[in-house]
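To keep things clear, I will list the structure first and then write my remarks on it.
These values consider heavy atoms only, across backbone and side chains, with no hydrogens, waters or symmetry-generated copies. Heads up: numbering here begins at 1 and tracks the sequence.
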Amino acid sequence: MSQLVEMFTDGACRGNPGPGGWGVLLRYGDVQKTLHGGEAMTTNNRMELTAVIKGLEALTKPCKLIITTDSKYVLTGITEWMDSWKQRNWRTASKKPVLNVELWKQLDELVSSHSIEWCWVKGHSGHAENEIADQLANLGIDELL
């Protein structure tokens with residue numbers, strides 16, 4: 001796992017729920033790759049999760065990764081809540097089913113083969129790569145509509 005890959009992800013929604021999009025900027029050395037897509041009826045949280053999932057699915061081998069997101073939902077879910085959810089059979093502390101469980105399970109499986117450092121950045125704060133991911137997420141919506 002010698003190669004370091006940087007991944008910047010974002011999700012967007014016009015209406016919540018409503019049409020949504022996701023965007024990913026992948027960087028490996030001097031090489032950059034962008035990904036984006038959309039869904040007709042979704043939520044912002046689902047698009048934030050989908051962006052990370054699609055970015056991880058694009059990798060062809062185990063990597064050392066730095067994943068930067070502006071989603072506290074994704075960051076807190078993966079770094080703080082997921083272990084407890086799994087121990088409780090995908091239930092929250094209040095015994096309710098975890099929302100977006102199929103995406104969380106998919107993400108859980110995908111992260112297992114990589115070494116990941118998670119970073120949070122404030123959205124719409126001028127962080128160059130986060131702004132690119134945001135533009136890609138909005139492009140996903142535009143292409144859908």
| field | Co-membership, hydrophobic cluster, residues Leu65 and Val121, 4.5 Å side-chain | value | no
| Linking I/L/V/M/F/W/Y whenever their side-chain heavy atoms sit closer than 4.5 Å, directly or via other members, would Leu103 and Ile116 fall into one cluster? | yes
| Looking at Leu107, Leu49, Thr42, which one forms a side chain to side chain contact (heavy atoms under 4.5 Å, CB included) with Asn100? | Leu49
| Considering residues at least two apart in sequence or located in another chain, which fulfil the salt bridge (charged side-chain N to carboxylate O under 4.0 Å, His left out) criterion with Arg14? | Asp142
| message | Is it true that, when you exclude Glu143 itself, more than 12 heavy atoms of the residues, nucleotides or ligands shown sit nearer than 6.0 Å to its CD? | response | yes
| task | Check the pair Glu6, Glu129 against side-chain contact (heavy atoms from CB on, under 4.5 Å), reporting the backbone distance first and the verdict last. | result | CA-CA 10 Å; Glu6 294 175 283; Glu129 292 85 355; 6.0 Å; no
| N-O pairing of Glu80 and Lys72 below 4.0 Å | no
| message | Which label fits Trp104 and Trp85: parallel for a plane angle under 30°, tilted from 30 to 60°, or perpendicular past 60°? | response | perpendicular
| query | Tell me, do Leu4 and Ile66 make a side-chain contact under 4.5 Å, heavy atoms counted? | reply | yes
| request: May I ask you to check whether over 12 heavy atoms, not counting those of Lys33, lie within 6.0 Å of atom NZ? | output: no
| field | Side-chain touch Glu39/Met47, heavy atoms, less than 4.5 angstrom | value | yes
| task | Give a yes or no on whether Ile67 and Val74 share a hydrophobic cluster (residues Ile, Leu, Val, Met, Phe, Trp, Tyr; joining criterion: side-chain heavy atoms under 4.5 Å apart). | result | yes
| task | Please lay out, stage by stage, how Ser71 and Thr69 fare under the test side chain to side chain donor-acceptor pair (under 3.5 Å). | result | CA-CA 5 Å; Ser71 171; Thr69 178; 4.5 Å; no
| task | Say whether Met41 and Trp22 are linked into one hydrophobic cluster, either directly or through other cluster members, by side-chain heavy-atom distances under 4.5 angstrom. | result | no
